[in-house]
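Naming: A, B, ... by sequence-line order, numbering from 1 per chain.
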2 protein chains.
Amino acid sequence: MTDDDYPNTRRFLQGRSREALTPREKAVLEGLVVRTERFTGPHVILERGAVLQQSTILIEGFVARVIHADGKRHIVALHVPGDFVDLHAFALKRLDHDVVSIGTVQIGYAPHERIEEVLRTEPNLARMLWYSTLLDAAMHREWIMKLESLSADGRLAHLVAELWRRLDFVDLATSAGFPLPLTQQELSDACGTTSVHMNRVVRKLREAGVVDISRGQVTVLDAQALWTLGSFDSAYLYGKGPLKLT
Amino acid sequence: MTDDDYPNTRRFLQGRSREALTPREKAVLEGLVVRTERFTGPHVILERGAVLQQSTILIEGFVARVIHADGKRHIVALHVPGDFVDLHAFALKRLDHDVVSIGTVQIGYAPHERIEEVLRTEPNLARMLWYSTLLDAAMHREWIMKLESLSADGRLAHLVAELWRRLDFVDLATSAGFPLPLTQQELSDACGTTSVHMNRVVRKLREAGVVDISRGQVTVLDAQALWTLGSFDSAYLYGKGPLKLT
DNA sequence: CGATACGTTGATCCATTTCAAGATTGGTGG
DNA sequence: CCACCAATCTTGAAATGGATCAACGTATCG
């Protein structure tokens, strides 16, 4: 039984608590996904206020959670493969934000009736689903901290450091860096700056030899400097073990 | 059977989904709390990294969740009576932030073994516990939005508007305002500004006739102006019905 | 090959920080 | 009851990070 047997959910909590799942539980989890879909380019997958009958797991690519205020887009969370994007919609029913694809994505749909079933019959798995929403909240808190305390350089460094580590969990990063199809506009939406200023910050970090972000690719030039600049301590990601980074 | 029969938990999800609980479930919930405790003044109730055997519900007063970075305090969440402060510690085990009392507080402790029991035997209540952590996450997202998009005036207005509504849910606010024992330093820690600037912003909002914050009391002078300034739309609080505000 | 999105640059303006000092308040012990 | 202390609040002046406005360069793609 290898990971390939769980094509849609094999990255769920990978590097976190996935090891605590039995093969049977992994199979049940995989069985949650009844249908997958692909999107390319910026595409609103789910709209704020929508009442959902299913939740969405990200299989490939990146999606953002977006809140609109006074005509501006604000990215309040980013998701990497393996993340349940809107599991909270199961309990909250209404979405309080949009879900937007970034680049090419593949997502899977898990009908709420099946989740319901799992909650009833699979206490261990149910715990994991809850756990994954709590990890989201922990990341939210870290974003709040970073927005309250860091300048634009630090915010970008923190964002890159976080994504690097999260992608490392799911084997999508190397010690060199990782692919990231975010525009500078989107980076600025996630850091609370203007895109003009973000452009200067991106250049500054490149010229300072910290990190190079260009052509959809992040190249980490100096990991230590990146972490320092972003006040990054990965404890809040609740990962097991050190960076893998091949 | 009145609310007085649940002295420690009667405000849990009050104004949100509490009505969906049966009297029996309310009694089970109340039974989670084995011990209560009081603290006065700024006091660190729980420390980051602590491994907890119990979770904490706030019965009276205010507590803040605090993350320290480069020597500064950052408030990443505020809690009002009825909130489970660290239910996430049940699943995450380690706390990723401190929990600090503000003014005089009373808290109740719910041992994890009892929560475990509830998860096993009370599916409806279990759903509510999860739900309450999802509400926390929704508030986190709104804070991220406010920090990304609003200037200091707006951030303070948003904070006040949110607390006003949350305290209204639990019958601790009136149309005039509510008690709030936060210092300007703490207000600034929650809005990501310096205390010096917060002082000027507090005065500005008072002189503009929007809201008066002084001597531990918030007096709302112009609710509409407050909501506009803070881009406040309470949908993310998932409340039932309109403001009660007597 | 023109359209359209994305990235880059410069100049100006303003919100906020920083540093520094003083005023007010509440609480405590003599 | 007063004197004193520490925390909190207040104010001013100078420095700055980032926003804003406006233009131009450069990919990319039907």
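As judged by a 4.0 angstrom heavy-atom cut-off over every strand, A:Arg200 is placed among the base-contacting residues. Within 4.0 Å of B:Gly154, counting heavy atoms only, lies no atom of the nucleic acid at all. Contact annotation for A:Gly216: no contact, since no heavy-atom pair falls under 4.0 Å across all strands. Using a 4.0 Å heavy-atom distance criterion, A:Val196 is classed as a base contact. Nucleic acid contact class of A:Ser195 (heavy atoms, under 4.0 Å, all strands): none. Residue contacts shown for A:Thr194 include a base, since a base heavy atom lies under 4.0 Å away.
The closest side-chain donor-acceptor pair between B:Asp70 and A:Ser149, if any, does not fall under 3.5 angstrom. Residues B:His97 and B:His88 have side chains that bring a donor and an acceptor to within less than 3.5 angstrom of each other. Between the side chains of B:His68 and B:Arg73, not a single donor N or O lies within less than 3.5 Å of an accepting N or O.
At whole-Å resolution of the value, CD in B:Gln185 and P in D:dC9 are 9 Å apart. Computed from coordinates, the B:Arg203 CZ to C:dA23 P distance equals 16 Å when rounded to whole Å. The CG atom of B:Asp189 sits 16 Å away from the P atom of C:dT16 (whole-angstrom rounding). One can place CG of B:Leu156 at 13 Å from P of D:dC9, the figure rounded to the nearest angstrom. One can place CZ of A:Arg73 at 13 Å from P of C:dA5, the figure rounded to the nearest angstrom. Per the geometry, CG belonging to A:Leu187 stands 12 Å off P belonging to C:dC6, to the nearest Å. Straight-line distance from the CE atom of B:Met198 to the C1' atom of D:dT11: 17 Å, rounded to whole Å. One atom, CG of B:Leu150, and another, P of D:dA19, lie 13 Å apart when rounded to the nearest Å.
Side-chain atoms of B:Arg206 lie closest to D:dT10 of the nucleotides D:dG18, D:dT10, C:dG7. Nearest to the side-chain atoms of B:Thr193 among the listed nucleotides C:dG10, C:dT17, D:dG18 stands C:dT17.
Nearer the 5' end of DNA chain D, as judged by each residue's closest nucleotide, is the contact made by A:Val201, out of A:Val201 and A:Arg215. Map B:Asn199 and A:His197 each onto its nearest nucleotide of DNA chain D; the residue landing nearer the 5' end is B:Asn199.
No option in A:Arg11, A:Glu60, A:Arg166 other than A:Arg11 meets the side chain to side chain contact (heavy atoms under 4.5 Å, CB included) test with A:Leu172.
Using a 4.0 Å cut-off between a side-chain N of Lys or Arg and a carboxylate O of Asp or Glu, B:Asp96 and B:Arg65 do not qualify as a salt bridge.
Applying the 4.0 Å criterion to OP1 and OP2 of C:dT8, one finds that A:Gln184 has a side-chain N or O inside that range.
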